[in-house]
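Below is one structure, written out as structure tokens; the observations come after it.
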2 protein chains.
Amino acid sequence: MQATSAAEDYLKAIYHLATEGESVTTSTIARRLGVSAPSVSAMVKRLEAGKLVVRRGEGGLVLTAGGERQALRVVRRHRLLETFLAEVVGVPWDEVHDEAEVLEHSLSDRLEERIDALLGHPAHDPHGDPIPPRSGPHDERWADPLTAAPTGARFRIERVSDRDPDALRYLAGIGLRPGVLVDVGARAPFGGPLWVTVDGAEHALGTQLTNLLHGAVARAAKKPTRRTR
Amino acid sequence: MQATSAAEDYLKAIYHLATEGESVTTSTIARRLGVSAPSVSAMVKRLEAGKLVVRRGEGGLVLTAGGERQALRVVRRHRLLETFLAEVVGVPWDEVHDEAEVLEHSLSDRLEERIDALLGHPAHDPHGDPIPPRSGPHDERWADPLTAAPTGARFRIERVSDRDPDALRYLAGIGLRPGVLVDVGARAPFGGPLWVTVDGAEHALGTQLTNLLHGAVARAAKKPTRRTR
DNA sequence: GTTTGTTGTTAGCCATGTCTAACGTATCGA
DNA sequence: TCGATACGTTAGACATGGCTAACAACAAAC
């Protein structure tokens, strides 16, 4: 089954919900894509007919091998395009997602190949998301959320969710990008902000922002400064 | 009226037919786009409702000011993309048209601007076609066809029609690109080939090829410069 | 003058993808 | 136990954009 542009969007949404650990149901897909529940019902029926998804009792929908292959193809094109737009065209960090979102459906295999080669077969896009290979296994696992890091730890940002341009612009403004090390400070109680130190400056991040940041504890730092590689 | 992707294709086809001096009718559009006549009838009705085309007795269809504006936007994006793909991505001459054909419908204004600036606001695409400005007047006039050049003249190629990849590949192979000077030789009668000298080598071009080449006589050469035989 | 071909339109069908309205189930609180 | 809330589906509508079949009108050919 050759997926249409709309079907590709659904497959991608299902893939993302699954890898994020969310349940994959009519309503979660509808929320994610901003469409009505009956629209999802209809599309899921088409995807089932095309053997791209199946229903697993309880959990909801699961991609078949073919469905996952198609989803990964779209994800690959999306992330390659993001990388290309950022590195070659000079599109700012916070804009690449939206541009890639529309272009990903009209990128030919041939052009995808060329872009991939031009970029030197990158492994990650500008937000730190792994770029699936053209074929073969792919590991989409997310690193730990920043919120899981203990106070006093030094945390290395690995991925920054690319969905909210305004948030991305703000995070880039204070230097929070993949690869950056931050010191995790105090956490205000009852959903209050988390204090972090980036580049020597302290910032209070609300939950809306901390949820976007994933990475790993680099060292359970006790001492405040001293930069190591 | 915000044109859909399909409507953009029709507007572009109408624009091209008109500027090429062809009649703009249901059947010529259908032939150009490879769709059935009733499909054209239906789309023309929608375009008329959207005030993008009007019927002129006899000649057929004519773009309104708004229709031409939209057609030029698509043509601009197409030619900018061709230039971008060729110069920045390294896509071969004969492939850029097909790639641009699909991407042109999903290029945002913002990205179009960036690409235009990155390229230094080019005036022509790789085939020599003029890139319409974002707004303001645009001159699409085609130069004279090579077939109009007298025997013995030196002819400067300005535009090479980009529609046939195989022909383009062949022409590129023998050095026939925009900006190149050719010496027009003998013309075989009854639709026979036209002999031209490019880069010191003589080639016989069939009408299928000569129709793709447009330019201007650079000098009405009388003496067969040592290159010609 | 009749036939034949070109041209354009209608009529009718289909697939895709969206929507709202309405209707079942379940589940959870009060 | 009853009602509110969430979830999913069906029914029915609409826009878009394609198709074939059939027909009307006209011009050129015989």
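Sequence lines set the chain letters: A, B, ... in the order given, protein chains first and strands last, and positions in each chain run from 1.
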(message) Need two values: the first and the last nucleotide of DNA chain D, 5' to 3', having an atom under 4.0 Å from any heavy-atom of chain B.
(response) D/dG17 to D/dA21
OP1 or OP2 of [N] under 4.0 Å from side-chain N/O of [X]:
X	N	result
B/K45	C/dT10	yes
A/S39	C/dG17	no
B/R55	C/dT9	yes
B/T26	C/dT9	yes
B/S27	C/dT6	no
A/T4	C/dT16	no

(message) Closer than 4.0 angstrom, basic N to acidic O: yes or no for B/R32 and B/E22?
(response) no
If you measure only the distance, is there a donor-acceptor pair under 3.5 Å linking the side chains of [X] and [Y]?
X	Y	result
A/E8	A/H105	yes
B/S106	A/S106	yes
A/T210	A/T207	no
A/H127	A/H97	no

Roughly, in whole Å, what's the span from [atom1] in [X] to [atom2] in [N]?
X	N	atom1	atom2	result
B/R46	C/dT9	CZ	P	14 Å
B/M43	C/dT9	CE	P	15 Å
B/E48	C/dT9	CD	C1'	13 Å

(message) So does B/H214 get a backbone contact from the side chain of B/R159, meaning a donor-acceptor N/O pair under 3.5 Å?
(response) no
(request) Please check if the side chain of A/T19 supplies one atom and the backbone of A/E140 the other of a donor-acceptor pair under 3.5 Å. (result) no
(message) Under 4.0 Å, counting only non-hydrogen atoms across every strand here, what does A/V40 touch: a base, just sugar-phosphate, or nothing?
(response) nothing
(message) Side chain of B/S41, heavy atoms from C-beta onward: which of C/dT9, C/dC19, C/dG17 has the nearest atom to it?
(response) C/dT9
